[in-house]
Amino acid sequence: MENNNKNEINRRNFLKTLGIGAIASTAALYGCDSKNKSVGGTVIDTSDVPTDKMTYRTARNSGDKVSLLGYGCMRFPLRQKAGGDGEEIDQDTVNQLIDYAIEHGVNYFDTSPRYVRGWSETATGIALSRHPRNKYFIATKMSNQSEDAVTRSREGSIAMYRNSMKELQTDYLDYYLLHSVGGGADAMQTLKERFYDNGILDFLLKEREAGRIRNLGWSFHGDVKVFDYLLSTDIKWDFVQIQLNYVDWKHASGFNTNAEYLYGELSKRNIQSVIMEPLLGGRLATLNYHAQNVLKQIRPEDSPANWAFRYAGSPENVLTVLSGMVYMEHLKENIKTYSPLQPVTEHELTTLEDVAQLMLKYPLIMCTECNYCMPCPYGLNIPAIFAHYNRCVNEGNVPKSLQDENYRRARQAFLVGYDRSVPKLRQANHCTSCGVCAPHCPQRIQIPREMERIDKFVEHLKQKTEF
Amino acid sequence: MLRKIRIIAAVVCFAVITLLFLDFTGVLHGWFGWMAKIQFVPALLALNVVVVVALIVLTLLFGRVYCSVICPLGVYQDIISWIARKRKKNRFVYSSSISWLRYGVLAIFVIVFIAGVNSVFALIEPYSGYGRVVSNLFAPLYQWGNNLIAYFAERMGSYTFYSVDVWIKSAITFIIAAATFVIITVLAWRNGRTYCNTICPVGTVLGFISRFSFFKPVIDEEKCNSCGLCARNCKASCINSKAHKIDYSRCVTCMDCMEKCNKNAIKYAPLRAVQKTTENNNNTDDSSRRKFFSITALFAFFTTFKAYSQMVDGGLAVIENKKIPNRTTPIVPAGSESLRNLAQHCTACQLCVSVCPNQVLRPSDKLSALMQPEMSYERGYCRPECTKCSEVCPTGAINLITTADKSATQIGHAVWVKENCVVIHDSVSCRNCERHCPVAAIQMVKQDAENPDSLKIPTIDTERCIGCGACENLCPARPFSAIYVEGHEKHRTV
């Protein structure tokens with residue numbers, strides 16, 4: 001499939017979009033900073049995070065100056081409730097993170113009524129309302145994916161829209177998205193039901209006219225028919241949110257479409273892209289040994305995450321790159337990456353394609369830990385199971401045979417680590433294959449099948465039988 | 001000198017046997033499993049003639065060294081008594097033997113033993129009594145300690161230590177163990193070896209034999225000035241210093257008196273050979289500190305146990321704990337052959353319960369099999385690769401079995417409970433039981449034979465089912481599984 005010749009052309013195309021001038025100037029700026037040194041394998045140098053160097057992109061239709069780093073509010077930190085009865089958002093930490101982000105030039109905050117068990121908008125609203133409204137842009141979504149009639153009805157959807165404003169403590173939304181179009185068993189049908197039959201799309205267009213929605217767009221996962229369809233209508237979309245990273249550029253997995261195509265189609269129509277999954281759900285932040293080695297050869301001080309963000313932010317039609325930051329260290333590191341952006345060079349693009357190829361050789365499960373599949377009715381922790389499996393793949397702890405040299409060590413690491421990262425009752429062997437999860441997965445992972453596969457693998461390890 | 005050898009040997013034996021009950025990884029049992037098998041009652045139950053004869057010969061030669069070296073409960077009492085001595089020295093007095101009590105208890109013991117009511121004699125049998133104390137009271141401490149190490153290991157990226165669940169496997173057994181612990185500790189604290197010389201049936205039997213033992217501590221009347229120091233330091237209260245007599249049925253050959261005697265008037269020698277033999281005055285002071293282990297932990301008595309707490313993460317459905325189904329016949333491990341065999345041989349020492357890595361074995365609460373192991377599958381199932389319980393059992397209650405034989409032994413059979421099955425209850429497809437059955441005894445069939453799209457329900461081939469409980473444990477129905485295992489009175493081979 002991969003044609004070398006084609007690669008060349010595509011890489012050139014990609015570079016064209018970068019704006020060559022920017023490379024020279026920013027590279028010079030960045031390269032001279034001698035303080036950016038640190039010790040250790042993964043470089044998370046959080047000293048001297050600049051407050052005024054953030055790269056901004058201008059939204060073409062509204063003129064907003066949007067920070068290249070966007071704050072994804074889908075993975076906020078949680079804490080135990082004071083009474084010990086369940087969990088809640090750790091609002092203090094959220095406030096701290098958002099304050100820090102704003103102080104350092106981040107101004108785009110992306111949430112949804114569905115995120116963090118439905119608590120994200122409230123928490124985002126609390127944190128943001130402590131700042132002047134003109135200091136930040138709010139993005140939220142029409143998240144009426146759920147199949148029940150009430151949510152999908154006109155009234156239910158409008159109520160969701162109005163509630164977002166209430167939770168976010170505002171009377172206008174800067175960016176509003178049709179959430180996750182392209183999903184559902186029949187994606188076109190689902191699109192019709194969610195936005196056309198109930199007249200919600202018309203309603204939202206009117207809201208845009210009225211100025212309560214300043215930019216209207218949609219986020220896309222899944223069936224490319226829907227993508228093409230929405231671009232073919234005469235509605236003028238202000239922006240579109242797509243999944244883009246150096247693996248998905250050419251090697252989108254499962255039902256996803258290559259970012260190269262998505263980004264190209266949007267650029268043709270002069271529509272800016274908001275980028276999600278720049279780290280492919282964290283998988284580009286922890287690379288396997290070989291991939292890591294390739295990158296360290298070029299920029300020994302940069303972390304894999306650093307690379308991934310630089311890649312995602314480089315194309316000039318990218319408005320902002322979303323990152324769901326839970327830890328201050330990640331926030332700081334990402335701010336530094338984009339303060340200012342040092343676009344990837346042509347040589348680096350070749351390298352990243354090599355790394356993508358290397359990644360594909362590892363049988364990772366393409367889970368981004370978005371948690372859309374959760375909660376599983378039988379209590380499984382699906383993302384945690386996949387995360388453990390992927391980690392073991394990367395660390396070489398998924399033996400291929402009983403004869404493997406490191407079988408004993410790998411077995412111990414896999415099994416002990418499994419019990420540590422996933423409570424026994426939430427492991428793959430409890431999957432009933434009911435299939436409730438599968439349609440929710442934006443990556444279209446065949447969750448029950450993968451669960452069965454992991455379960456079999458674990459059984460082989462436990463019984464020490466040949467695979 | 002002899003005393004020091006005795007102490008070192010006792011501490012080693014004691015530590016190893018204690019560790020057998022603490023080690024949940026099963027590593028130690030490969031090396032030291034025999035330590036449990038040389039215990040008197042287990043050997044008797046296992047009809048291990050070699051060991052029984054060897055122990056009798058040992059006693060005939062050297063007296064009751066079994067009681068002060070091999071028996072963990074005896075050594076435990078010595079440790080308590082040793083601590084008590086630090087508070088108050090020379091605290092024992094001679095008392096005469098209460099023979100009616102000793103032989104009375106022994107008689108009852110023999111009767112229940114012959115009658116096969118093992119749950120009664122298990123209560124006073126020393127080895128299993130000690131096993132219960134360790135597995136019920138000390139093992140949780142050990143496991144918590146392990147979990148703490150595992151906690152740090154996890155943070156250091158090490159996979160050497162893993163955490164284990166700590167839970168009370170049977171309230172009744174726990175209470176009995178706690179009572180045993182309190183009674184034995186108090187008796188030892190106050191009067192040394194009271195238990196051994198009044199109640200313990202092994203002590204009585206060996207005491208009877210040791211009267212005729214070849215070597216014994218003997219008082220040299222010519223040297224003795226009747227100071228009584230020996231009697232006041234005899235934890236068995238068996239030295240009548242005034243009459244220069246030692247009650248050999250109660251003497252546990254601890255050699256304490258010999259070291260205490262200032263006049264070197266007590267010797268460990270063949271009775272008849274006690275002559276005026278001069279001996280170089282080996283006045284080594286008993287200053288050797290036995291710093292083998294700290295015993296402060298023994299006093300931390302735990303009445304409150306943290307119930308097995310379940311980690312519930314964000315966005316996860318709450319998982320209800322499974323409840324024990326009402327089994328008409330209890331399930332016992334492969335290797336035990338039948339309920340009868342288990343009941344007749346088991347001393348309820350809890351060694352198998354301690355090593356079961358799958359949280360399957362626990363002591364029974366039923367009176368007929370009190371504290372003897374039985375299986376249940378709420379927390380795990382009897383995994384095909386594991387035969388740990390059969391490897392450690394010292395009494396022949398669970399005979400050694402290979403994994404292949406185990407997978408061909410029907411210890412029970414699965415029963416489907418229609419109304420609990422999620423396929424019927426929630427109309428969803430599920431084949432978890434079928435998928436995990438190691439012997440393919442479950443077949444999914446259409447609920448409605450006419451309808452090609454019908455959901456499938458499990459059917460059980462009881463001829464193939466071995467009763468391992470994989471289906472029961474992994475059944476999504478909660479709190480009661482839709483498929484559970486009924487035990488077999490007598491195990492069969494497929």
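All of these numbers come straight from a predicted model, not from anything done at the bench. Atoms considered below: every heavy atom in the structure, side chains included; atoms not considered: hydrogens, waters and symmetry mates. Chain letters run A, B, ... following the sequence lines, proteins first, then strands; residues in each count from 1.
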Can you see which heavy atom on [X] is nearest to which on [Y], and at what distance?
X: B/Ser429; Y: A/Ser433; answer: OG-O, 3.6 Å
X: B/Val428; Y: A/Tyr378; answer: CG2-OH, 3.3 Å
X: B/Thr160; Y: A/Gln412; answer: O-NE2, 3.7 Å
X: A/Arg420; Y: B/Ala150; answer: NH2-O, 4.0 Å

Closest-packed option against chain B by number of heavy-atom pairs under 4.5 Å, given A/Ala413, A/Pro375, A/Gly417, A/Gly435: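 Going by pairs under 4.5 Å, I would pick A/Ala413.
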Residue, of A/Gly86, A/Cys431, A/Pro377, that accumulates the most heavy atom pairs under 4.5 Å with chain B: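 It is A/Cys431.
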Backbone N/O of B/Pro384 and side chain of A/Gln463: donor-acceptor pair under 3.5 Å: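 Judged by distance alone, no pair lies under 3.5 Å.
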A/Asn429 side-chain N/O to B/Leu474 backbone N/O, donor-acceptor pair under 3.5 Å: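 No, because the side chain of A/Asn429 does not come within donor-acceptor range (under 3.5 Å) of the backbone of B/Leu474.
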For [X], which atoms come within 4.5 Å of any heavy atom of chain B: side chain, backbone, both, or neither?
X: A/Glu88; answer: neither
X: A/Cys376; answer: backbone
X: A/Lys462; answer: both
X: A/Leu380; answer: backbone

Close side-chain approach of B/His436 and A/His430, heavy atoms under 4.5 Å: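 Side-chain contact under 4.5 Å: no.
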Min side-chain heavy-atom separation B/Tyr159-A/Arg409 under 4.5 Å: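 They are not in contact (no side-chain heavy atoms under 4.5 Å apart), so the answer is no.
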Would you say [X] has more than 12 foreign heavy atoms packed within less than 6.0 Å of its [atom1]?
X: A/Arg79; atom1: CZ; result: yes
X: B/Arg464; atom1: CZ; result: no
X: B/Gln443; atom1: CD; result: no
X: A/Glu405; atom1: CD; result: no
X: B/Asn326; atom1: CG; result: no

Residue among B/Ser158, B/Cys433, B/Gly380, B/Cys386 with most heavy-atom pairs under 4.5 Å to chain A: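 Most heavy-atom pairs under 4.5 Å with chain A: B/Ser158.
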Residues A/Asp455, B/Arg435; criterion side-chain contact (heavy atoms from CB on, under 4.5 Å); working and verdict: CA-CA 10 Å; A/Asp455 181 28; B/Arg435 190 150 67 87; 3.3 Å; yes
Residues that A/Tyr71 engages under ring pair (Phe, Tyr, Trp, His ring centres under 6.0 Å), provided they are two or more places apart: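 Partners of A/Tyr71 under the ring pair (Phe, Tyr, Trp, His ring centres under 6.0 Å) test: A/Phe109.
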Pair A/Glu452 + B/Arg431, salt bridge at N-O below 4.0 Å: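 Judged by the 4.0 Å cut-off on N to carboxylate O distance, A/Glu452 and B/Arg431 do form a salt bridge.
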Which portion of B/Thr403 sits near chain A, non-hydrogen atoms under 4.5 angstrom: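 Neither part.
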side-chain contact (heavy atoms from CB on, under 4.5 Å) evaluation trace for A/Leu425 with B/Arg478: CA-CA 12 Å; A/Leu425 289 174; B/Arg478 287 170 179 275; 3.2 Å; yes
